[in-house]
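This report concerns only the one structure given below.
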Amino acid sequence: ESGSNSAASLGCTNLYADNYETEAIIDDGSCIFSQDLNLSEGWNMFSLNVIPNLTSLYDIISPIHDNMILVLDESGSAIFQNESGTDWFDNIGSWYATEGYLIKMQSNQNLNITSDQPVLLPFIIDLTEGWNLISYPIQTDEGDYVENVLSSLIAEQSIYMMFDESGNVFIPDYITGDDAQNSIVTMSPGNAYYIKVLEDTQLSIYEPSVIVDNHPIVQESRTNHFVP
């Protein structure tokens, strides 16, 4: 009937959602997003690409409390147990989309986080001279080449080096004096990265292989920074 919408035209229109509907034309707010973090025994560096329904990092990771040993943020603030192992202390507080986190696990665990909101891209991460522990909250599972993600920092020669949880590194050619060293190759969602910059600067995170339109860039403030 003219002037009316059929039920088939309503649904989730975000192609990154778990319940994306190819025939939907009008988004009805039903999109569901999820992220699986595979955490290995020992140390892991992680970040989120969905906005959890809970605000504190301690509450967000509550399903794995029984198997975690210690959580650290970039500034060294921690989530840790008392000596008897009966109570947790939380010095980290709120979770931030721009931040990466360190977590030490007793055993291999999977953490699933479900939300009705993804982290919206593009946004800007403020970087302070020295070391920063950053997120990489894209939705594309395949990730993107490190040179693409860091292209603006490379162009302005402000990045000194970056490494991931496995110890893989990226060091640009203007630092090595020869070819760039790059054993990271691809940056992937769910991971976090330590990055050292030579001056205060900013890093814009975009979804890979997507033409940037007029969507406003969301700027997130980062107040605490890692000092090695």
Side-chain angles (χ1 to χ4, degrees), residues 16 35 37-40 43-51 72-76 95-103 118-228:
Y16 297 114
Q35 181 176 12
L37 293 175
N38 295 312
L39 302 171
S40 301
W43 284 104
N44 302 260
M45 291 164 57
F46 75 95
S47 64
L48 304 183
N49 64 3
V50 298
I51 299 176
L72 297 170
D73 68 8
E74 163 185 285
S75 68
W95 164 83
Y96 292 99
T98 54
E99 302 297 317
Y101 299 92
L102 287 157
I103 186 167
V119 173
L120 295 178
L121 302 181
F123 67 66
I124 294 172
I125 300 177
D126 290 324
L127 301 173
T128 296
E129 180 181 354
W131 286 101
N132 303 259
L133 179 56
I134 64 169
S135 66
Y136 187 54
I138 65 168
Q139 300 298 319
T140 307
D141 291 336
E142 293 77 11
D144 198 4
Y145 292 117
V146 62
E147 296 94 336
N148 292 341
V149 180
L150 304 179
S151 59
S152 63
L153 303 183
I154 296 170
E156 67 184 19
Q157 297 192 358
S158 61
I159 178 174
Y160 182 82
M161 71 174 296
M162 184 174 75
F163 67 87
D164 64 15
E165 72 175 24
S166 299
N168 297 310
V169 300
F170 172 79
I171 307 175
D173 55 6
Y174 57 83
I175 297 297
T176 67
D178 198 355
D179 293 336
Q181 294 184 26
N182 182 12
S183 54
I184 296 177
V185 183
T186 302
M187 295 176 66
S188 303
N191 293 328
Y193 300 87
Y194 267 120
I195 183 169
K196 184 177 183 179
V197 292
L198 301 171
E199 61 189 15
D200 293 354
T201 186
Q202 295 178 323
L203 175 63
S204 296
I205 303 295
Y206 299 93
E207 198 67 49
S209 304
V210 174
I211 298 174
V212 179
D213 55 18
N214 293 323
H215 190 289
I217 293 179
V218 178
Q219 183 166 341
E220 299 277 355
S221 296
R222 306 171 74 247
T223 56
N224 297 317
H225 298 277
F226 172 73
V227 178

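- You'll find the side chain of Thr186 stays beyond 4.5 Å of the side chain of Asp144, heavy atoms only.
- The side-chain hydrogen bond (donor to acceptor under 3.5 Å, both in side chains) analysis of residues 167-176, with sequence neighbours excluded, yields the pairs Asp164-Asn168.
- Here the closest non-hydrogen pair linking Ser135 and Ile125 is O-CD1, 4.1 Å.
- Residues Pro189 and Asp141 share a closest heavy-atom pair of CD-O, 3.9 Å.
- Checked by atom type and distance alone, the side chain of Ser47 never pairs as donor or acceptor with a backbone atom of Glu99 at under 3.5 Å.
- The shortest side-chain heavy-atom distance between Asn182 and Phe170 falls under the 4.5 Å cut-off.
- Counting all heavy atoms, side chain and backbone alike, Glu147 lies closest to Val185 at OE1-O, 4.4 Å.
- Considering OG of Ser158 and NZ of Lys196, their distance stands at 13.0 Å, rounded to 0.5 Å.
- Considering all non-hydrogen atoms of both residues, Gln202 and Asp126 come closest at NE2-OD1, 2.9 Å.
- Of all non-hydrogen atoms in Ile171 and Met161, the two that sit nearest each other are CG1-CB, 3.9 Å.
- Using modelled atom types, no side-chain atom of Asn132 and backbone atom of Ile134 make a donor-acceptor pair closer than 3.5 Å.
- Met45 approaches Leu102 most closely through the heavy-atom pair CG-CD2, 3.2 Å.
- Between Trp131 and Phe163, the ring centre distance stays below 6.0 Å.
- Evaluation of the side chain to side chain contact (heavy atoms under 4.5 Å, CB included) rule for Gln139 yields Tyr16, Asn49, Pro118, Glu207 as partners, not counting sequence neighbours.
- Take Asn191 and apply the side chain to side chain contact (heavy atoms under 4.5 Å, CB included) test, not counting sequence neighbours, and it matches Ser188, Tyr193.
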